[in-house]
Every structure is written in C-alpha cells, then in structure tokens.
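Heavy atoms only: backbone and side chains are in, while hydrogens, waters and symmetry mates are out. Counting begins at 1 with the first residue of the sequence. Not measured: the values here are computed from a predicted model.
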Amino acid sequence: MTLQVYNSLTRQKEAFVPLHEGRVHMYVCGPTVHNDAHLGHGKTYVNFDTVVRYLRYLGYQVLYVQNITDVGHLLDTGEDRMLKGAKRERVHPLQLAETYTRRYFRDMDRLNITRPDISPRASGHIPEMIDLVRKLLANGFAYESNGSVYFSVSKFDGYGKLSGRRAEDARAGHRIQVLEEKRDPADFALWKRAEPQHILRWNSPWGEGFPGWHIECSVMSTKYLGQPFDIHGGGVENKFPHHDCEIAQAEAAAGKPFARYWLHNGMLMIRGEEMHKSLGNFVTLEQAFERWDPMVIRFFVLLSHYRGPMDFTVEALDAAGRGLDRLLTTLRNVRRRLAAGAPVGSASQGTLALLENARRQFEDSMNDDFGTPGAIAALFEMSREINVRLDGRQPLPVGDLQAIDSLYRRLAGDVLGILPDDLDQELGAGLANDLIVVLIDARAELRESRQWKLADGIRNRLSALGIRLEDRPEGTSWTFGRTPG
Ligand code: ZN
C-alpha cells in the first residue's frame, strides 16, 4: 500500500504524490513566541514531526519549513500578542521573541522533535511581505485605506474553500469592532498602519506600519518551498481564518495553487475541555515535564491519531508511561544480552518472519494517513513475541538480537522518535547496580567465613568510589554520594 493522506482541502483520503519525485516540500505554521509553549504546541509539533520522520523513512528528501511569528499576530481583542508580552516582561518585543524562541526549541528538543530545516522569522521577511501586498494592490485584490491595506475577500472566488466558511459567516461572526476603514467587515489586513505607541514598525509605500498575521505564512512558505508546494500543516483551529487567508493571498497574487495537501491536526483537550488560560487548565510543557518524562508525553500523543482531538488526563499519561516502559524493557533486555555476549549465530527464519510481519503491519498503519495508534499496536505485538523468545530455553543468537535491535531503532527510534538517547547509558547504570550487588554478596560470604580483612577491603574500596554500605538485620543496602571532605 502506498501512502494515503487525508487532504483537508478535498475532504478525502488521497494517494500522496509529491510534485517532484523523491522530494517533499512541507510547511507547518509555527508558534507565536510571546509566551512559553504549552501542551497544545506539544501535540501539534509531535504530530507533524512524526509526519516528517515517516516521509524520510519512506525515502523522501524532505525540506521542512516552520515559521517563527514574532510580529503582527493580534488577539481577538485587537491587542498585539508580542507587544502585550513585551509590556508584561518590560523588554523589547524582539527580546521577548528571542527568549521564547530559545525556550520553544528547548521544549521541542526535549520532546525529540526534529528541528525544521528552515525556521524563518516573520520580522526578517518584511520586504517580501511588502512586495506581496503591492502585487495584490496592483491586480485589484486589495485596497489601501488610511495607511492600512486590506484584502478584499469578495474579489477572490475561492475564499473559504478550505474551511467551507463563506465570507458571510465571517461578517456575521466578526468579534472585532468593525473598522470604518474596511469596505467589508470580512476583509482582512495585509498591512496595518502603526499607531504612535507601536514599537515594531517598518517603512512602507503606505507609511510606517507592520504586517497582518496571515501574510507571513504565504510569503515564507512560497519563498523557500516554491508555489505550489506539497504539504501545508497546522492546527485545525487555524483553518479559518488563518489558512483560508493564506490561500487567498498566495493564489490571488500568483494566479496558481498554493499548497497541494492540507493536513490539520486535532486539538488537545484537558478532561474534555479546551485548554484556556481563562478556564484555569492551562499547562505549559515545562510544567508537564516536571511530572512526566518528555518521551512519555510524546508517546502519549502518538497513541491517538493526529487528526482527532486528544484528551489529556493524569491517569492516561501515567498509563502511557507504563506502556512505553514495557516496550523499552524488551529492547533493554535485547541490548543487555548483546552487551553480555550472546551465542554467535545468524538470525533465524522464525525471527526474521516475525520482524518482517511487524514491519509490514507498522507500515500499513502509517501508510493509512499516518496511523500511529496502529503502528504502536504492531510494536506491542512484536515485543510480546520477542519476550516469549527471550524467555525461551534456547538463548537467542547474536543475529536474532541484532535484527530485533535494528528494527526497533528504525520503527520506534527513527519514525516514532520514542527511543531515549540515554537508553544505552541507562543500561550502563543498570549494569553498575548489578556489579555492586555482586560485590556486596561477595563481601557477605567473606564475612561468613570470617575473612574480615578481605571483607573490609571491599567496603573501603567501594567507599572510596562514593558507595557507602549500610549493614542492617535484613541485609546490606547501599547509597551513592561522596561526602564532602
Ligand atoms: Zn500560518
């Protein structure tokens, strides 16, 4: 089966065929860096990271662009997110952007999210945005009004084709106070006149101002990926107006299609409710990492399909942690045996057939619109059967163990990104613990045979390494930690 993806634009699953053979050009709307990333960001970027990883696994050369919004993103109230944050922290808006961009990547790194190939910042693309606005003015899709420029939605036939919303809905549902300067309340800003107190401002043919939010994505995606490009991703909550506006701007300016496949991921819910500061259920990733290993959060996200909503509860996260540990335990056991020296021998037909079957199931699920739940189910089934073989009377030969390890690396590591880097270090730590227990047992036997000098020698040498033994009636326990002096 070849890769099928659900295209939000056509509202159906389609065979995925990139524009250029072997290459995929992909764009995903990035964060507005005015605050710390929250669980919703975690879900979105794990979802799209897994898409990128799977495309690469299939052999595509992927160029992945994800923007950083550091200017122009207004709240429904008309307030500028960056300026609001800058005021809160008493710093320059671009200082705020720098701080939260770094923190964003730190959090994404911890979730084992591959960094985008290009992370363009909106503030670094103002001349290109001005060019696009000029083009739209020149071909009649936009108009200037009092130093601002608006896109005229009634001029573009396809407006709302992604979300299925019509301009009338936008007019009726308009929450922002309708500005006198717009000809139609549904029109949206391409460029805004800067009021005197607005810090982020640039010269333009229409006076000093700043770009509207939507235009950065039209500009930065096509600048680096061409037009049309293959995949545009983003949160379902951004379908309208953001993505429909991106399409309108890019297609009206260039007279050709914008993005070929639109992928939208479902929202993160907290106990059935949307996450909102006002509901008091807002959780930043940093807060979540205090309780759960980031890999557990990543694994939890992948347990549900990217398009669906995902309900975040403490119990579900804890259960995900136990599930991930079961998968990793199998792999730990395989690697421990490899490290300990397994019998020489090539992989058996039985093991190869088991792995081949698991790989096929995994790929079938992923090929069906990136079905990570089915892919994870295939890994669980595989690991159950591997456990049976590991527990069998015949020790598995090196060939079997290597084949298992390598498939884990490709599927759980490369594609799902759920293998911690420190798994091998952890193995080392496990081995060290086991060795200390061996020494404690040897010392106990020496003491039983009254060889006090040798027994004390073991104790003293362990102590010099910072390992302190404590003899209790029920046995000897140990702690690690060098005491000062
Ligand atoms: Zn965007």
Notebook entry, point to check: If you measure from the Lys or Arg side-chain nitrogens to the Asp or Glu carboxylate oxygens, is any gap between R359 and E356 under 4.0 Å?
Noted result: yes
Checklist line | Geometric class of the F312/F300 ring pair [parallel <30°, tilted 30-60°, perpendicular >60°] | finding: perpendicular
Next item on the list: Mind running salt bridge (charged side-chain N to carboxylate O under 4.0 Å, His left out) on E251 and K161 for me, showing each step along the way?
Entry: CA-CA 12 Å; E251 297 193 349; K161 65 180 170 186; 2.7 Å; yes
Checklist line | Shortest non-hydrogen separation from N203 to I130 and the atoms involved | finding: O-CD1, 3.5 Å
Check: Are the aromatic ring centres of Y64 and Y27 under 6.0 angstrom apart?
Finding: no
Note to self: If you compare all heavy atoms of I404 against all heavy atoms of L355, which two are closest, and at what distance to 0.1 Å?
What the structure shows: N-CD1, 3.8 Å
Checklist line | Carboxylate-amine/guanidinium proximity below 4.0 Å for D230 and R23 | finding: no
Note to self: Check this for me, if you would: do K223 and E128 make a salt bridge, where the nitrogen-to-carboxylate-oxygen distance has to be below 4.0 angstrom?
What the structure shows: yes
Margin query: When you compare the side chain of R53 with that of T114, does any pair of heavy atoms fall below 4.5 Å?
Written below: yes
Next item on the list: Would you please classify the geometry between the H38 ring and the H41 ring as parallel, tilted or perpendicular, with 30° and 60° separating the classes?
Entry: tilted
Next item on the list: Verify the ring-centre separation between Y104 and Y45: is it less than 6.0 angstrom?
Entry: yes
Next item on the list: Considering only NZ, NE, NH1 and NH2 on the basic side and carboxylate oxygens on the acidic side, decide whether D414 and R56 come within less than 4.0 Å.
Entry: no
Note to self: Classify the ring geometry of F188 against H214: parallel below 30°, tilted from 30° to 60°, perpendicular beyond 60°.
What the structure shows: perpendicular
Note to self: Between D318 and R291 (salt bridge meaning N to carboxylate O under 4.0 Å), is one present in this structure?
What the structure shows: yes
Check: So, Y224 versus H125, ring centres under 6.0 angstrom or not?
Finding: yes
Notebook entry, point to check: Is any side-chain N of the basic residue among E144 and R193 closer than 4.0 Å to the acidic one's carboxylate O?
Noted result: no
Margin query: Tell me whether the rings of H20 and H25 are parallel (<30°), tilted (30 to 60°) or perpendicular (>60°).
Written below: tilted
Item checked: N-O pairing of D187 and K182 below 4.0 Å -> no
Next item on the list: Locate the shortest heavy-atom distance separating Y6 from R11; write the atom from each residue and the value.
Entry: OH-CA, 3.2 Å
Check: Less than 6.0 Å separating the ring centroids of Y143 and W191?
Finding: no
Check: Do the charged groups of R298 and D293 touch, with an N to O distance under 4.0 Å?
Finding: no
Check: With the threshold set at 4.0 Å, does a side-chain nitrogen-carboxylate oxygen contact exist between K84 and E89?
Finding: no
Notebook entry, point to check: Do R307 and D369 meet the salt-bridge criterion of a basic N to acidic O distance under 4.0 Å?
Noted result: yes
Next item on the list: Look at the aromatic rings of F370 and Y54 and report parallel, tilted or perpendicular, splitting at 30° and 60°.
Entry: perpendicular
Item checked: Ring-ring centroid check H34 Y100, cutoff 6.0 Å -> no
Next item on the list: May I ask you to say whether D405 pairs ionically with R335, meaning some side-chain N is under 4.0 Å from a carboxylate O?
Entry: yes
Check: Going from CG on L328 to CG on N333, what distance comes out if it is rounded to the nearest 0.5 angstrom?
Finding: 11.0 Å
Check: Between H232 and W262, what is the ring plane arrangement, given parallel below 30°, perpendicular above 60°, and tilted in between?
Finding: parallel
Notebook entry, point to check: Closest approach of C245 and Y159, non-hydrogen atoms and distance?
Noted result: SG-OH, 3.7 Å
